[in-house]
Amino acid sequence: MRYTKDNIKFHDLIEASRKKRNISRDKLCKGLCSISQMNYILCGERLPDYQMRNRIMSRLGISQEGYEDYIHYDEYYVWDEYQKVVIAIEDSRIQDAKNRIISLEANLSEKDFLFKQMVLDAKAKIYEIENSDSKVLADYYDKIVNLSMKEMDFFDIRKECVSYIEEIYLTNWLFVNASITNADEELIKYYQAFENLIEKINNDNSDVICKAKALPYALSKFYDLVKKKHYKEYSSFVYSQALCAISLLKKCERTYYLGKMVEIFENMKPVALEDKRLVEQANRVFDFIKLLESLYNCSIPMNQSGYMYRDSDVYCIADVIHSRRKMLGFSRKKLSEGICSLRTIERIEGKKVKPQQEVIKSVLLKLGLEPEYRKTEIITDDDTIINLLDEYRRAANEYDNKKIKKIYGILEKKIDKSYITNKQVLIRIVNQQKLLNKEIDDKRYVRNLETALGLSIKKINYKAKESFYTNTEVVLKYCIGIRESDSSHMKDLKDAFSLKNLPGSYTNYISRELVETFEASRLGNNTCYEESNEISYRIIKSSLRFNRLYGLHKAAYNLWWNNEQDKGSAYCQDRLINGCIDVCEFSDRMTIAEFYKSQLKSSTQYL
């Protein structure tokens with residue numbers, strides 16, 4: 001299917017990123033599609049499916065976290081089923097995972113080879129859990145890597161263009177094949193291939209999250225391979241790469257294979273003086289994670305984790321249109337006026353038809369949504385702007401007004417203000433800056449943010465049981481809600497996320513964590529300690545599942561605070577609050593760490 005160039009912005013982002021990273025079209029499309037197909041994609045004449053969009057962006061080193069994806073019902077079904085497979089494997093419900101895989105395979109065609117790659121990886125995981133025959137496992141990984149990397153040199157991947165997920169697949173291929181190799185000469189060849197792969201991950205111009213997902217895993221497998229026989233020869237290399245891995249995890253506040261990195265340093269004593277602080281921080285964070293896993297019985301072995309398959313927020317277009325229409329109080333007839341027939345809207349919502357792009361564009365615009373199939377809070381073809389928004393969020397959490405002002409100045413000049421969502425982000429940032437500077441009070445701040453929200457949501461039908469908010473709208477409603485004592489905005493968000501609370505699903509996870517953290521705090525302040533703790537347990541379990549640190553310390557602090565007020569059990573109190581401090585110091589969130597220290601000091605003085 002082809003679309004007019006003006007309606008698609010995805011190609012602008014990937015073409016700009018490709019040129020910036022100096023990657024040829026030949027390299028980018030290798031194993032994915034023909035050069036002519038890639039040309040159509042890059043000039044905006046063809047929109048690739050969800051999996052292809054993901055893989056192209058990932059090969060360009062762009063993390064999809066923070067993106068919102070709108071996909072058609074057939075793609076959504078496969079994506080949703082695969083997420084359930086991932087969750088089933090993590091929760092050791094192996095038979096459930098097997099049944100879902102059978103159902104998935106029946107719905108995949110030849111063009112779905114990237115989904116097939118994921119399904120094969122799930123089957124390999126299950127086989128590894130249940131069996132020990134490395135030769136069978138090697139066959140699985142042979143098939144996996146050859147689905148998208150057949151023409152590449154697996155023993156020297158440095159010159160190729162691959163995604164972090166392909167780096168993980170290649171890691172498994174190298175590890176399993178090296179494990180069944182007896183000849184030393186052949187084994188050294190695999191060691192060299194591992195060194196080449198790790199070097200590539202480090203030197204790629206990729207987002208920090210992409211690197212953080214690939215490097216700790218590749219290094220942990222290489223370490224497991226060499227530690228039995230050739231550790232002395234490779235110990236220096238392993239040590240230096242473990243430092244790089246921990247630095248990546250620190251930057252993006254993740255814990256992928258942190259335990260294995262800690263194990264490496266345990267076997268490398270003494271640690272160099274200049275590295276001691278970082279290693280000690282990592283040790284303390286890992287101890288805190290083990291404590292929480294023990295307290296809440298929520299440990300997921302890393303070899304069963306599906307962390308590499310969690311990236312963007314994914315929505316079915318039909319569901320978005322239906323929920324948004326209900327939320328705004330539109331009838332199907334009103335929505336169809338001037339766009340298409342009433343029957344077309346009925347068939348879209350009933351998942352009976354995939355309409356033309358022009359129809360989808362017009363419908364989404366009428367519902368106050370940007371008609372981009374893939375977007376972040378800021379719609380742009382410059383991924384450095386997207387990274388800058390991440391920096392802003394961090395600065396806002398640290399109340400760094402100087403940095404907020406600097407980032408706003410850059411964004412204000414570079415952002416295309418013709419997009420509603422871009423206007424909303426700029427309004428939010430400038431008003432947060434004014435609030436910090438005491439140039440406006442809370443009432444004016446709320447009024448200004450409500451004006452921004454009104455750009456996309458004119459009126460809400462509060463009787464509707466369904467709703468759909470973009471991530472930008474969620475943040476606006478949250479920022480308004482936390483400054484109002486009895487806010488309809490927070491109630492809207494709680495209702496919205498209670499309907500979509502699938503454990504382990506990445507979609508809405510960050511927004512849901514934001515809302516639930518506030519709700520847990522509100523309930524605790526109102527002495528509803530049991531309900532507050534219940535939400536905090538849920539946040540901790542989700543954070544551990546997703547290997548994320550940010551929600552972890554917020555929820556753990558809430559538990560600590562509740563128990564300080566309630567004076568119930570000791571509840572590992574000192575270990576909880578000190579763990580929160582350790583996490584924040586590891587993540588360089590020093591303002592929050594100092595706050596936790598002050599709370600601990602006050603509590604100690606009180607006692």
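No experiment lies behind these values; they were computed from the predicted model shown.
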Fill in: Closest approach of Val583 to Val285 (non-hydrogen atoms, all atoms of both residues)
CA-CG2, 4.0 Å

Item to complete: Answer with yes or no whether the side chains of Glu594 and Thr591 bring together a donor and an acceptor at under 3.5 Å.
Response: no

Item to complete: Could you tell me the separation between the OG atom of Ser63 and the CG atom of Asp207, rounded to the nearest 0.5 Å?
Response: 5.5 Å

Worksheet item: Going by heavy atoms in the side chains, are Cys584 and Met590 under 4.5 Å from each other?
Response: no

Worksheet item: Any donor-acceptor pair under 3.5 Å linking the side chain of Arg575 with the backbone of Phe288?
Response: no

Practice prompt. Determine, for Asp224 against Lys260, whether the closest basic-nitrogen to carboxylate-oxygen distance falls under 4.0 angstrom.
Written response: yes

Worksheet entry | Asn177 backbone acceptor or donor facing Thr181 side chain under 3.5 Å | yes

Worksheet entry | Centroid separation Phe194 to Phe175 less than 6.0 Å | no

Practice prompt. State, to 0.1 Å, how close Lys554 and Tyr550 come at their nearest heavy-atom pair, and which atoms those are.
Written response: CE-OH, 3.2 Å

Discussion item. Under 4.0 Å between a side-chain nitrogen and a carboxylate oxygen: does that hold for Arg393 and Glu377?
Written reply: yes

Worksheet entry | Flag, side chain of Lys250 to backbone of Phe586, donor-acceptor distance under 3.5 Å | yes

Fill in: Ring-face cation of Lys123 near Tyr140 (centre distance under 6.0 Å, axis angle within 45°)
no

Worksheet item: Do the ring centers of Tyr191 and Tyr234 come within less than 6.0 Å of each other?
Response: yes

Worksheet item: Once the angle between the rings of Tyr239 and Phe265 is folded into 0 to 90°, is it parallel (under 30°), tilted (30 to 60°) or perpendicular (over 60°)?
Response: perpendicular

Discussion item. Please find the pair of heavy atoms, one from Lys125 and one from Asn303, that lie closest to each other, and give the distance.
Written reply: CE-O, 3.4 Å

Discussion item. Is the shortest side-chain heavy-atom distance between Leu544 and Ile300 below 4.5 Å?
Written reply: no

Worksheet item: Does a donor on one side chain and an acceptor on the other come within less than 3.5 Å for Ser58 and Gln64?
Response: no

Worksheet item: Is it true that a side-chain atom of Ser532 and a backbone atom of Ala520 form a donor plus acceptor pair closer than 3.5 Å?
Response: yes

Fill in: Tyr509/Phe546 aromatic ring centres below 6.0 Å
yes

Worksheet item: Got a second to check how far Arg548's CZ is from Arg310's CZ, nearest 0.5 Å?
Response: 11.5 Å

Worksheet entry | CG on Asn205 to NZ on Lys211, rounded to 0.5 Å | 7.0 Å

Worksheet item: So which heavy atom on Gly481 is nearest to which on Phe518, and how close?
Response: O-CZ, 4.4 Å

Worksheet, complete the sentence: Note: Ile180 and Ala138 closest approach over all heavy atoms is CD1-CB, 4.1 Å

Discussion item. Tell me whether Lys405 at atom NZ has more than 12 heavy atoms from other residues, nucleotides or ligands lying less than 6.0 Å away.
Written reply: no

Item to complete: Before accepting this row, confirm whether a basic side-chain N of the pair Glu68/Arg374 lies closer than 4.0 Å to the acidic partner's carboxylate O.
Response: no

Practice prompt. Give the ring-plane orientation class for Tyr257 versus Tyr307, where under 30° counts as parallel, over 60° as perpendicular and anything between as tilted.
Written response: perpendicular

Worksheet item: Any donor and acceptor pair, going by atom type alone, linking the side chain of Glu130 with main-chain N or O of Tyr127 inside 3.5 Å?
Response: no

Discussion item. Is it true that Glu65 and Ser312 share a donor-acceptor pair across their side chains at a distance under 3.5 Å?
Written reply: no

Discussion item. What I want to check is whether the side chains of Gln241 and Asn202 have a donor and an acceptor closer together than 3.5 Å.
Written reply: yes

Discussion item. Within the 4.5 Å heavy-atom criterion, are Ile144 and Asn172 side-chain neighbours or not?
Written reply: no

Worksheet item: Is there side-chain contact between Asn471 and Val475, with at least one heavy-atom pair below 4.5 Å?
Response: no

Discussion item. I want to know whether His553 and Tyr596 have ring centres closer than 6.0 Å.
Written reply: yes

Discussion item. Determine whether a donor-acceptor pair (N or O, by modelled atom type, separation under 3.5 Å) exists between the side chain of Thr470 and the backbone of Glu473.
Written reply: yes

Worksheet item: Using 4.0 Å as the upper bound for N to carboxylate O, is an ion pair formed by Lys494 and Glu516?
Response: no

Practice prompt. Locate the shortest heavy-atom distance separating Gln117 from Ser148; write the atom from each residue and the value.
Written response: NE2-OG, 2.9 Å

Fill in: Note, Asn131 side chain near Val136 side chain (heavy atom, < 4.5 Å)
no

Discussion item. Is there a salt bridge (charged side-chain N to carboxylate O under 4.0 Å, His left out) between Lys491 and Asp495? Walk through the geometry before answering.
Written reply: CA-CA 6 Å; Lys491 183 180 182 303; Asp495 290 345; 3.1 Å; yes

Worksheet entry | Under-4.0 Å salt bridge between Lys597 and Glu585 | yes

Fill in: Set of residues satisfying side-chain contact (heavy atoms from CB on, under 4.5 Å) with respect to Asn267, sequence neighbours excluded
Tyr223, Glu263

Fill in: Basic-acidic side-chain contact under 4.0 Å: Asp91, Arg545
yes

Worksheet item: Would you call Asp287 and Lys290 a salt bridge, using N to O less than 4.0 angstrom?
Response: yes

Practice prompt. Taking the six-membered ring for Trp and the single ring otherwise, decide whether the centroids of Tyr309 and Tyr82 are under 6.0 Å apart.
Written response: yes

Discussion item. Is any side-chain heavy atom of Leu249 closer than 4.5 Å to one of Thr255?
Written reply: no

Practice prompt. Only one of Ile482, Leu493, Ile535 passes side chain to side chain contact (heavy atoms under 4.5 Å, CB included) with Val515; say which it is.
Written response: Leu493

Worksheet item: In Å and rounded to the nearest 0.5 Å, what is the CG to CG distance from Leu174 to Asn196?
Response: 9.5 Å

Worksheet item: Should Lys200 and Glu167 count as an ion pair when the cut-off is N to O under 4.0 Å?
Response: no

Worksheet entry | Exam field: side chain Ser598 to backbone Phe595, donor-acceptor pair closer than 3.5 Å | yes

Fill in: Pair Asp96 + Arg93: basic N to acidic O under 4.0 Å
yes

Practice prompt. Would you check if Tyr256 and Leu248 make a side-chain contact, meaning some heavy-atom pair closer than 4.5 Å?
Written response: no

Worksheet item: Got more than 12 heavy atoms from elsewhere within 6.0 Å of CD, Glu530?
Response: no

Worksheet item: Side chains of Asn558 and Ser521: donor-acceptor distance under 3.5 Å anywhere?
Response: no

Worksheet item: Does Arg55 pair with Glu166 as a salt bridge, N-O distance under 4.0 Å?
Response: yes

Item to complete: May I ask you to decide whether Glu391 forms a salt bridge with Lys406, counting only side-chain N to carboxylate O separations under 4.0 Å?
Response: no

Worksheet item: Checking Ser247 side chain against Leu243 main chain: does a donor-acceptor pair fall under 3.5 Å?
Response: yes

Worksheet item: Counting distance only, does the side-chain N/O of Glu90 pair as donor-acceptor with the main-chain N or O of Gly306 below 3.5 Å?
Response: yes

Fill in: Any side-chain heavy-atom pair of Met302 and Asn547 under 4.5 Å
yes

Discussion item. Any side-chain to backbone donor/acceptor pair from Asp133 onto Lys135? Under 3.5 Å, distance only.
Written reply: yes

Discussion item. With rounding to the nearest 0.5 angstrom, report the OH to CD1 distance, Tyr478 to Ile480.
Written reply: 13.0 Å

Worksheet entry | Glu519 with Arg522: basic N within carboxylate O range, under 4.0 Å | yes

Practice prompt. Please round to the nearest 0.5 Å and tell me the distance separating atom CG of Asn297 and atom CG of Leu292.
Written response: 12.5 Å

